[in-house]
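For reference, the structure discussed in these notes is given below.
Letters A, B, ... mirror the listed sequences (proteins, then strands); counts begin at 1.
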Amino acid sequence: MTEQNRNRHFIQRIIDEDNLTGKFDNKVQTRFPPEPNGYLHIGHAKAICVVFGIAEEYGGKCNLRFDDTNPIAEEEEYVKAIKEDVRWLGFNWDKLCFASDYFQQMYDYAVQLIKQGDAYVCDLTADEIRNTRGSLKEPGKESPFRNRSVDENLDYFKRMAKGEFPDGSRTLRGKIDMAHPNLNMRDPVMYRILHAEHHNTGKQWCIYPMYDWAHGLEDSIEGVTHSLCSLEFEDHRPLYDWFLDRLGVFHPQQIEFARLNLSYTIMSKRKLKKLVDGDYVNGWDDPRMPTLSGMRRRGFTPESIRKFMDEVGVAKRDNVMEITKLESILRSDLNKHSQRRMAVLNPLKVIITNYPEGHIEELEAINNPEDDQAGSRQIPFSKEIFIERGDFMEDPPKKFFRLAPGREVRLRYAYFIQCNDVIKDDNGNVIELHCTYDPETKGGSAQDGRKVKATLHWVSAEKAIHAEVRLYDRLFAKPNPDSEENFLDVLNPDSLTILKNCKCEPNLQNAEIGKQIQFERLGYFCKDPDSSNDQLFFNRTVPLRDTWAKIEKQFK
RNA sequence: UGGGGCGUCGUCUAAUGGCAGGACACCAGAUUCUGGUUCUGGUUGUUGGGGUUCGAAUCCCUGCGCCCCAGCCA
């Protein structure tokens with residue numbers, strides 16, 4: 001094996017081989033074929049990255065094709081959302097196609113199969129078809145309509161298309177083998193009668209092609225060379241091949257690979273729809289949803305999703321990726337590219353008793369220590385500030401080295417302060433801290449070289465702006481919600497925490513919607529589109545790694 | 001059960017007859033004006049049995065396990 005052939009996944013190897021033998025004249029054409037019956041999720045993102053990625057790698061083209069063969073489930077809204085999501089991920093399709101564009105051509109091909117004696121109109125009901133299909137062990141029984149004459153089949157099929165028969169009364173079926181060990185080959189239904197309005201073709205048709213019949217034709221018509229799909233279609237490939245062979249048309253190669261699964265997540269469109277319809281989340285773009293629109297709102301970058309897919313790999317074994325891997329890649333992207341700001345989520349007031357009353361000074365803060373080009377900004381400091389409630393403990397355990405009575409810490413980019421008094425309310429709750437600052441530590445370092453063990457983030461009480469912050473956690477409490485008897489039983493009750501009294505540095509007023517910002521020591525956040533001039537909402541994309549939280553856990 | 005597919009660290013994935021490697025996770029330490037970042041080190045794996053071979057994750061035989069299929073959904 002040459003160095004070039006190393007580390008290539010099995011689909012690349014197949015295509016390399018095809019290019020060696022000239023199977024498709026060294027052309028590579030792929031397609032992403034979603035059904036417009038729901039929103040795209042992170043699982044689709046893998047498929048998108050694979051099919052667009054392959055096309056790009058081989059200098060080929062990739063179409064976005066809506067597989068809109070079932071008007072009952074499909075809507076224009078989804079078409080729009082899917083296009084937006086694919087673009088957001090950073091891919092450009094060659095042609096925008098619809099299966100419905102080919103309905104006439106498919107009809108003509110069906111007529112050809114009927115004429116060849118390869119298809120027939122069947123009058124069995126859905127129940128009767130099921131009952132005669134046989135089982136995994138038993139062969140099926142042939143339909144009593146299986147041996148109609150070509151003329152009779154042609155006549156009935158045309159009348160089906162004209163709308164002469166009610167829904168469900170007849171189907172067109174491939175005439176293959178009712179005893180075939182592969183159930184898909186037992187005279188599969190090609191067309192059903194559906195008097196339904198289609199988002200694209202309106203009332204033009206009342207018969208609609210089934211997936212197996214339609215999909216290979218769509219691929220063939222578009223000149224797709226490598227038709228990539230997920231594992232469950234492996235059983236369908238013989239049928240895919242059969243139709244194309246009988247028709248004698250251009251024959252793409254179907255290749256199946258494993259879809260993405262993520263721990264603590266569900267991918268089933270049906271179940272996601274249930275979360276939306278049952279108001280368990282706030283719509284398809286709820287930041288807790290694994291939909292691309294939800295992740296976008298949450299603050300994921302398309303770059304991090306694409307990088308994740310690079311690392312996921314392409315193979316045939318079932319897999320469950322750990323969500324921590326995705327988060328790790330996200331953090332690494334955000335660490336490099338997000339500006340830092342200070343915000344206090346659970347404020348505790350601190351009065352610096354020896355700081356001049358009414359005085360406000362501007363201090364310089366670095367925007368992003370990982371990026372020299374990001375520059376710095378000024379932040380106001382004053383006598384009264386807020387710190388994070390969790391950064392103070394009256395009676396700290398051994399490994400806690402933040403603020404405590406008598407202890408000195410640094411306020412980031414500001415001064416060292418020492419805690420002298422703890423003020424409590426009647427119930428014994430800490431409501432305020434009285435501290436003194438050392439003027440010799442301006443900017444955050446001591447002239448005498450003394451060290452402190454902790455640096456706290458803070459916000460000037462006088463200048464703070466107010467915000468509501470939404471803390472998101474994983475939607476499910478168990479790693480594999482799909483395996484539960486009822487996935488709704490394992491929803492994480494703490495997937496959303498709303499903090500209404502957060503204090504931010506003034507600069508944050510002008511934050512750009514959707515732009516990721518690191519709140520120092522807390523995590524990455526972005527301004528939610530719900531925000532207005534009067535009201536700021538921030539979504540937490542992902543918290544920073546928190547070693548202290550881990551230590552805290554060990555105490556329990 | 002008939003058919004189709006798949007088995008490599010906890011999780012993903014390399015190695016395709018020649019030292020089982022990487023990432024995430026986990027553990028320990030160093031650095032640090034973010035308990036972040038960065039850096040260093042560590043634990044953990046070829047589904048069982050047999051065979052071929054100087055040599056097997058890889059080839060052969062034979063078990064075992066897991067996933068998918070009985071929509072007029074895709």
Side-chain angles (χ1 to χ4, degrees), chain A residues 1 5-7 9 33-35 37 67 69-70 72-73 122 124-127 129-131 133-140 167-173 180-186 188-194 207-208 210-212 214-215 229-238 256 258 260 263 269-270 311-329 331-332 335-336 340 342 365-366 369-370 399-402 410-414 416 441 443-445 451-457 479 518-523 543-551:
Chain A
M1 181 167 286
N5 279 341
R6 297 181 88 81
N7 289 343
H9 62 66
E35 184 188 11
N37 68 344
D67 209 355
T69 57
N70 183 6
I72 292 167
C122 179
L124 258 26
T125 65
D127 279 346
I129 287 182
R130 186 178 338 109
N131 292 335
R133 187 158 19 231
S135 70
L136 296 183
K137 288 193 71 168
E138 304 295 322
D167 286 3
S169 59
R170 281 170 227 264
T171 56
L172 183 73
R173 300 177 71 181
H180 199 105
N182 180 342
L183 266 41
N184 295 126
M185 300 296 273
R186 320 242 260 228
V189 172
M190 295 164 59
Y191 276 98
R192 75 282 215 189
I193 299 172
L194 244 35
I207 57 170
Y208 289 93
M210 297 287 291
Y211 169 86
D212 286 307
H215 204 88
C229 62
S230 46
L231 252 27
E232 70 267 29
F233 292 103
E234 225 151 10
D235 283 343
H236 295 247
R237 180 155 29 95
E256 311 84 13
L260 171 73
S263 63
K269 268 193 209 171
R270 198 193 101 248
E311 302 211 358
V312 158
V314 179
K316 295 198 74 156
R317 46 182 171 264
D318 290 331
N319 63 84
V320 183
M321 290 302 294
E322 285 179 348
I323 190 118
T324 51
K325 175 100 176 179
L326 213 208
E327 289 170 347
S328 165
I329 289 170
R331 283 196 189 99
S332 134
N335 175 53
K336 248 195 159 108
R340 317 283 126 126
M342 290 204 279
I366 292 167
E370 307 290 323
K399 285 185 177 167
F400 183 91
F401 41 81
R402 274 110 95 143
R410 171 172 34 238
L411 295 177
R412 180 120 163 126
Y413 299 125
F416 287 11
T441 56
S445 44
K451 302 275 185 206
V452 287
K453 290 191 82 173
T455 300
L456 309 189
H457 62 280
Q518 185 193 105
F519 289 177
E520 294 228 21
R521 303 210 306 134
L522 297 174
L544 254 30
R545 275 199 189 85
D546 191 348
T547 310
W548 167 242
K550 239 181 223 178
I551 297 168

Base, sugar-phosphate or nothing for [X]? Non-hydrogen atoms, less than 4.0 Å.
X      : value
A:R331 : nothing
A:H236 : base
A:F400 : base
A:P369 : base
A:E256 : nothing
A:I329 : nothing
A:Y413 : base
A:S328 : sugar-phosphate
A:A315 : sugar-phosphate
A:F233 : base
A:L124 : base

Exercise for review: Show your reasoning for whether side-chain contact (heavy atoms from CB on, under 4.5 Å) applies to A:R173 and A:I129.
Suggested key: CA-CA 11 Å; A:R173 300 177 71 181; A:I129 287 182; 3.9 Å; yes
**Study point:** Heavy-atom neighbours of A:I366 CD1 exceed 12 at 6.0 Å
**Key:** no
Revision key, fill the gap. Sorted by position of nearest nucleotide on RNA chain B, 5' first, the leading residue of A:F519 and A:N335 is A:F519
Exercise for review: Starting from the 5' end of RNA chain B, give me the residue, A:A454 or A:H9, whose nearest nucleotide shows up first.
Suggested key: A:H9
Presence of [X] side-chain N/O under 4.0 Å of [N] phosphate oxygens OP1/OP2:
X      : N     : value
A:R130 : B:C72 : no
A:K550 : B:C27 : yes
A:T69  : B:C73 : no
A:R192 : B:C73 : yes
A:S135 : B:G2  : no
A:R133 : B:C72 : yes

Taking the [atom1] atom in each of [N] and [M], what is the distance between them to the nearest angstrom?
N     : M     : atom1 : result
B:C59 : B:U11 : P     : 23 Å
B:U53 : B:G21 : P     : 28 Å
B:U44 : B:A20 : C1'   : 13 Å
B:A28 : B:C67 : P     : 36 Å
B:G48 : B:C12 : C1'   : 24 Å
B:G63 : B:A23 : P     : 40 Å
B:G65 : B:A56 : C1'   : 22 Å
B:C9  : B:G22 : C1'   : 12 Å

Study note, to complete from the structure: Out of B:C73, B:G36, B:G2, minimum distance to the side chain of A:E370 belongs to B:G36
Exercise for review: Please determine, for the side chain of A:E232, which listed nucleotide (B:A25, B:C72, B:C68) has the closest atom?
Suggested key: B:C68
Check your understanding: Measuring from A:S263:OG to A:K325:NZ, what's the distance to the nearest 0.5 Å?
Key -> 12.5 Å
Exercise for review: Find the distance between NE2 (A:H457) and CD (A:E520) and round it off to the nearest 0.5 Å.
Suggested key: 9.0 Å
Could you write out each protein N or O paired with an N or O of nucleotides 40-43 of chain B at a distance under 3.5 Å?
none

Practice item. Please report the shortest heavy-atom distance between A:L260 and A:N319, naming the atom on each side. Key: CA-OD1, 4.1 Å
Are [X] and [Y] side-chain neighbours, meaning at least one heavy-atom pair lies under 4.5 Å?
X      : Y      : answer
A:P238 : A:N182 : yes
A:R170 : A:Y191 : no
A:R340 : A:E370 : yes
A:K316 : A:L231 : yes
A:I551 : A:F400 : no

Practice item. Both distances under 3.5 Å, Watson-Crick or G-U wobble: on that basis, could you give the dot-bracket string for RNA chain B, with [ ] for crossing pairs and | for other-strand partners? Key: .((((((..((((....[..)))).(((((.......)))))....(((((..]....))))))))))).....
Study note, to complete from the structure: Protein-proximity profile, nucleotides 4-12 of chain B, B/S/- by nucleotide at the 4.0 Å heavy-atom cutoff, equals SSSSB-BSS
Check your understanding: For A:L183 and A:L136, what are the C-alpha separation, side-chain angles and deciding distance, and is it a side-chain contact (heavy atoms from CB on, under 4.5 Å)?
Key -> CA-CA 8 Å; A:L183 266 41; A:L136 296 183; 3.9 Å; yes
Practice item. Quickly work out the A:R186 CZ to B:G2 P distance and round it to whole Å. Key: 13 Å
